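Everything below concerns the one structure shown next.
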Amino acid sequence: METADVTGREAAVLDKGPADGLRMEVTDRPPVIQVAYPCQVEDAPRGVRVEAVYVYRRDYTVTDEPLRYGFDVASP
């Protein structure tokens, strides 16, 4: 049984990787969640920022809240 409320928001949790255990609400069960961490840079031109990007993919075996998203080590 799915437990989404009338707004379509559901609880989700990230599994493994740098954001392990992070909890959030998602809408419409996205297949992928991207997490970005800012990186320290030296002498970057104005407006330039660098972020490390991590990808988490939905675990389709989990159908009730909290939905689970597993760290994808092979993602760019």
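These figures come from a predicted structure and were not determined experimentally.
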Query - Pair Gln34-Val53, side chain to side chain contact (heavy atoms under 4.5 Å, CB included): steps then yes or no - result: CA-CA 7 Å; Gln34 177 178 302; Val53 177; 3.5 Å; yes
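At least one donor-acceptor pair under 3.5 Å links the side chain of Arg29 to the backbone N or O of Thr63.
Nearest heavy atom pair, residue Tyr54 against residue Tyr37, reads CE1-CD1, 3.5 Å. Closest of all the heavy-atom pairs between Pro31 and Tyr60 is CB-OH, 3.3 Å. When all heavy atoms of Pro30 and Val26 are compared, the pair lying nearest together is CD-CB, 3.8 Å. The two atoms that bring Cys39 and Glu51 nearest to each other are SG-C, 4.0 Å, heavy atoms only.
If you chain together hydrophobic residues whose side chains sit under 4.5 Å apart, Leu14 and Val62 never meet in one group. Residues Val13 and Leu22 do not share a hydrophobic cluster, clusters being chains of Ile/Leu/Val/Met/Phe/Trp/Tyr side chains in contact below 4.5 Å.
Apart from Val50 itself, the hydrophobic cluster it occupies contains Val41, where clustering links Ile, Leu, Val, Met, Phe, Trp and Tyr at side-chain heavy-atom distances under 4.5 Å.
Atom CZ of Arg9 and atom OG1 of Thr27 lie 5.5 Å apart (nearest 0.5 Å). Distance OH/Tyr69 to CD1/Ile33: 4.5 Å, rounded to 0.5 Å. For the atom pair OH (Tyr56) and NZ (Lys16), the distance works out to 10.5 Å, reported to the nearest 0.5 Å. Within the model, atoms CD of Glu65 and CD of Glu25 stand 8.0 Å from one another, a figure rounded to the nearest 0.5 Å.
Arg68 pairs in a salt bridge (charged side-chain N to carboxylate O under 4.0 Å, His left out) with only one of the listed residues (Asp59, Asp20, Asp15), which is Asp15.
With sequence neighbours left out, the salt bridge (charged side-chain N to carboxylate O under 4.0 Å, His left out) criterion links Asp72 to Arg57.
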